[in-house]
S.K.: 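For reference, the structure I am asking about is given below.
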Amino acid sequence: METERVRFEPRKLPSVLRSEELIDKAFRRASKVSGRGRKEKAINKLSTLSNVFSDYFNRIISSHPSYQNLPPFYREIIDTIVGIGKLRKSLGALSWANSAIQKIINKGMRDVKGGKDPEIVLRSVYGRISSIVNQISDELDFLIEAKQRMREIPTLSDDPVVVVAGYPNVGKSSFVANISTVKPEIASYPFTTKKIFVGRGEIGGKSFQLIDTPGLLDRPIHKRNQIEKKAILCLKHLADCIVYIIDPTETCGYSIKNQISLLEEIKREFSVPIISVYSKSDLHNLRDRPAFSVVNKEGFEEIKSLIEECLKNREKANKN
Ligand SMILES: Nc1nc2c(ncn2[C@@H]2O[C@H](COP(=O)(O)OP(=O)(O)OP(=O)(O)O)[C@@H](O)[C@H]2O)c(=O)[nH]1
Ligand SMILES: [Mg+2]
């Protein structure tokens with residue numbers, strides 16, 4: 001967990017219009033403008049267009065944070081699900097479009113003032129602006145899509161974070177649903193959980209956040225898919241304590257050997273205390289680790305007290 005958790009809320013990013021919508025909005029606003037005489041009317045329309053576009057583009061550009069300076073979790077998750085390079089490129093295209101449009105408008109103003117036919121100038125300005133906006137239509141679509149995708153990024157509080165991890169289909173979401181407020185989807189196939197879910201729970205009178213992550217396979221980082229990378233980022237940046245779930249019945253579809261190998265890998269990779277537990281204790285008798293069952297509702301108290309102890313130690317270590 002980062003000591004300073006800057007909250008980035010993609011929901012607060014302004015809505016982006018598609019190219020046709022933006023052209024429509026700007027031209028509609030200009031059409032309502034009047035003036036004394038044809039010349040003044042044309043100048044007023046151009047000045048309205050200038051304001052509409054610069055307000056619009058500047059509002060979007062300035063609402064995006066400087067992605068490189070975000071805390072690492074946000075920076076890396078945004079890079080994983082959207083791509084910071086593409087975001088930057090799109091915002092750069094908006095900035096280019098804004099200055100190109102302002103130049104066209106300024107030139108139009110000079111032409112009208114210099115005595116050219118106001119209607120002809122306006123028609124040419126409208127045509128050239130439409131062409132500029134159409135040129136950034138892919139970037140506008142991308143920004144709409146980016147905001148949509150970023151909605152899945154969780155908002156976290158300052159409470160300690162317990163991250164639940166393990167192979168796909170071992171019972172992570174079932175565990176999280178039993179000890180916190182989150183109600184994730186549970187199903188008998190792997191990779192049911194594709195996003196990061198944050199639930200809230202309480203242990204020994206203290207609240208904590210419990211993160212349900214997508215399943216991980218035991219394989220090198222460069223082979224991991226985007227869904228797995230989200231789980232890795234939670235382990236890397238958010239976890240104060242990790243609960244690693246092993247399904248010894250192998251009904252999840254993966255061998256104990258592979259599940260243990262991933263546990264060892266996580267221990268090596270992340271310097272966060274790990275509690276490893278067995279799931280589905282209604283189906284087996286292994287008790288060399290704490291074991292829980294959502295069917296028999298057993299084992300939760302023992303695991304909760306281990307989490308409590310782990311968080312207490314962590315708090316003590318952070319104070320020193
Ligand atoms: N018998 C038994 N089945 C369980 C238990 N916990 C979970 N299951 C079953 O195991 C399957 C997977 O459960 P999930 O909680 O979705 O597993 P997950 O680890 O979140 O799976 P992914 O999100 O796909 O990685 C479901 O069919 C559950 O009903 C348990 O304690 N006992
Ligand atoms: Mg799940």
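As the structure lists them, so they are numbered: ligands from 1, and atoms in each ligand from 1. Side-chain atoms are counted along with the backbone in the values below, which use heavy atoms only and exclude waters and symmetry mates.
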S.K.: Counting heavy atoms only, which of Ala177, Ser188, Gly166 is nearest atom 27 (O) of ligand 1?
M.R.: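 The nearest heavy atom belongs to Ser188.
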S.K.: Could you note down all residue pairs passing side chain to side chain donor-acceptor pair (under 3.5 Å) where residues 19-32 supplies at least one of them, sequence neighbours left out?
M.R.: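 Passing the test, one end in residues 19-32: no pairs.
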S.K.: Run the numbers for me: atoms of ligand 1, each under 4.0 Å from some heavy atom of Ser173, listed by number.
M.R.: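 In order of number, 15 (O), 18 (P), 20 (O).
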S.K.: Which heavy-atom pair separates Leu94 from Leu140 by the least distance, and what is that distance?
M.R.: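 Of all heavy-atom pairs spanning Leu94 and Leu140, the closest is CD1-CD2, 3.9 Å.
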S.K.: Does Tyr189 come within less than 4.0 angstrom of ligand 1, counting non-hydrogen atoms of the residue?
M.R.: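 True for this residue.
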S.K.: Which distance, rounded to the nearest 0.5 Å, do you find between the OG1 of Thr249 and the NZ of Lys280?
M.R.: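 Rounded to the nearest 0.5 Å, the OG1-NZ separation comes out at 5.0 Å.
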S.K.: Which protein heavy atom lies closest to atom 5 (C) of ligand 1, and at what distance to 0.1 Å?
M.R.: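 Of the protein heavy atoms, Val294 CG2, 3.4 Å lies nearest.
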S.K.: For residues Arg224 and Lys229, report the shortest heavy-atom separation together with the two atoms involved.
M.R.: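 Smallest interatomic distance, heavy atoms only, reads O-CE, 3.7 Å.
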S.K.: What is the closest protein heavy atom to atom 7 (C) of ligand 1, and at what distance does it sit?
M.R.: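 The closest one turns out to be Ser174 OG, 3.2 Å.
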S.K.: How are the rings of Phe292 and Phe300 set to each other: parallel, tilted or perpendicular (split at 30° and 60°)?
M.R.: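 Phe292 and Phe300: tilted rings.
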S.K.: Taking only heavy atoms of Leu283 into account, list the atoms of ligand 1 that are under 4.0 Å away from them.
M.R.: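 This gives 1 (N) as the contact atoms.
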S.K.: Which heavy atom of Asp159 sits nearest a heavy atom of Gln209, and at what distance?
M.R.: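 Asp159 and Gln209 have their closest heavy atoms at O-NE2, 2.7 Å.
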S.K.: Any nitrogen or oxygen of Thr193, main chain or side chain, under 3.5 Å from a nitrogen or oxygen of ligand 1?
M.R.: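 Checking ligand 1 against Thr193, an N or O pair does fall under 3.5 Å apart.
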S.K.: I'd like to know if Asp111 and Lys107 make a salt bridge, using a cut-off of under 4.0 Å between side-chain N and carboxylate O.
M.R.: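 Result for this pair is yes, salt bridge flagged.
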S.K.: Which ligand 1 atoms does Pro190 reach within 4.0 Å, using its non-hydrogen atoms?
M.R.: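 Once the distances to Pro190 are compared, the set is 24 (O).
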S.K.: Short list, please: which atoms of ligand 1 are under 4.0 Å from a heavy atom of Ser293?
M.R.: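 Answer, ordered by atom number: 31 (O).
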S.K.: Short question: side chain of Asp247, backbone of Ser279 - any donor-acceptor pair under 3.5 Å?
M.R.: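 Here the side-chain-to-backbone pair does not exist.
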S.K.: Return a yes/no value for Phe191: is any of its N or O atoms, backbone included, closer than 3.5 angstrom to an N or O of ligand 1?
M.R.: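 So ligand 1 has an N or O lying under 3.5 Å from an N or O of Phe191.
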S.K.: Pairs of nitrogen or oxygen atoms closer than 3.5 Å, one from Phe292 and one from ligand 1: do any exist?
M.R.: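 In this structure, Phe292 places no N or O atom under 3.5 Å from an N or O of ligand 1.
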S.K.: Under the salt bridge (charged side-chain N to carboxylate O under 4.0 Å, His left out) rule, collect the residues that match up with Arg219, sequence neighbours excluded.
M.R.: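 With sequence neighbours excluded, Arg219 shows a salt bridge (charged side-chain N to carboxylate O under 4.0 Å, His left out) to Glu228, given in chain and number order.
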S.K.: Parallel, tilted or perpendicular for Phe73 and His237, by the 30°/60° rule?
M.R.: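 Plane angle over 60°, so perpendicular.
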S.K.: Please state which protein non-hydrogen atom is closest to atom 32 (N) of ligand 1 and give its distance, to 0.1 Å?
M.R.: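 Residue, atom and distance for the closest contact: Asp282 OD1, 2.8 Å.
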S.K.: Assess whether a salt bridge exists between Arg123 and Glu119, defined as any Lys/Arg side-chain N lying under 4.0 Å from an Asp/Glu carboxylate O.
M.R.: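 No, Arg123 and Glu119 are not salt-bridged.
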S.K.: Output, in order, the C-alpha distance, side-chain angles, deciding distance and verdict of salt bridge (Lys or Arg N to Asp or Glu O under 4.0 Å) for Lys206 and Glu315.
M.R.: CA-CA 12 Å; Lys206 286 203 169 170; Glu315 201 179 347; 3.1 Å; yes
S.K.: Which residue from Lys280, Lys194, Glu228 reaches closest to atom 10 (O) of ligand 1 through any of its heavy atoms?
M.R.: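 It is Lys280 whose heavy atom sits nearest to atom 10 (O) of ligand 1.
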S.K.: Could you tell me which atoms of ligand 1, counted from 1 in the order shown, lie closer than 4.0 angstrom to a heavy atom of Gly215?
M.R.: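 The atoms of ligand 1 under 4.0 Å from a heavy atom of Gly215 are 25 (O).
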S.K.: Answer yes if the side chains of Asp218 and Tyr167 hold a donor-acceptor pair under 3.5 Å, and no otherwise.
M.R.: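 No, no side-chain donor-acceptor contact under 3.5 Å.
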S.K.: Taking distance alone, with N or O pairs closer than 3.5 Å, would you say Thr192 contacts ligand 1?
M.R.: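 In this structure, Thr192 places an N or O atom under 3.5 Å from an N or O of ligand 1.
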S.K.: Checking contacts here: is it the side chain or the backbone of Thr251 that comes within 4.0 Å of ligand 1, counting heavy atoms only? Could be both or neither.
M.R.: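 None of Thr251 does.
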S.K.: Tell me whether the count of non-hydrogen atoms from other residues, nucleotides or ligands lying under 6.0 Å of CZ in Arg36 goes above 12.
M.R.: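 No, because the 6.0 Å sphere around CZ of Arg36 holds 12 heavy atoms or fewer from other groups.
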S.K.: When you measure from atom 17 (O) of ligand 1 to every protein heavy atom, which one gives the shortest distance, and what is it?
M.R.: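 Scanning the protein heavy atoms, the shortest distance from atom 17 (O) of ligand 1 goes to Gly171 N, 3.1 Å.
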S.K.: With a 4.0 Å cut-off on heavy atoms, is Ala187 in contact with ligand 1?
M.R.: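 Flag set, Ala187 near ligand 1.
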S.K.: Crowded around Lys147 NZ? As in, over 12 foreign heavy atoms under 6.0 Å?
M.R.: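 Above 12, so yes.
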S.K.: So, at under 2.8 Å, which protein N, O or S atoms would a careful student list around the Mg ion (ligand 2)?
M.R.: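 Listed by chain and number, the atoms are Ser173 OG, Thr193 OG1.
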S.K.: Looking only at non-hydrogen atoms, which of Asn169, Ile186, Val176 approaches atom 22 (P) of ligand 1 most closely?
M.R.: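 When every heavy atom of Asn169, Ile186, Val176 is considered, Asn169 comes closest to atom 22 (P) of ligand 1.
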S.K.: Quick one: nearest non-hydrogen protein atom to atom 25 (O) of ligand 1, plus distance?
M.R.: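 Here the nearest protein heavy atom works out to Lys172 NZ, 2.8 Å.
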S.K.: List for me each residue that meets salt bridge (charged side-chain N to carboxylate O under 4.0 Å, His left out) alongside Lys230, sequence neighbours excluded, and say none if there are none.
M.R.: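 Counting only residues at least two positions away or on another chain, Lys230 forms a salt bridge (charged side-chain N to carboxylate O under 4.0 Å, His left out) with Glu152.
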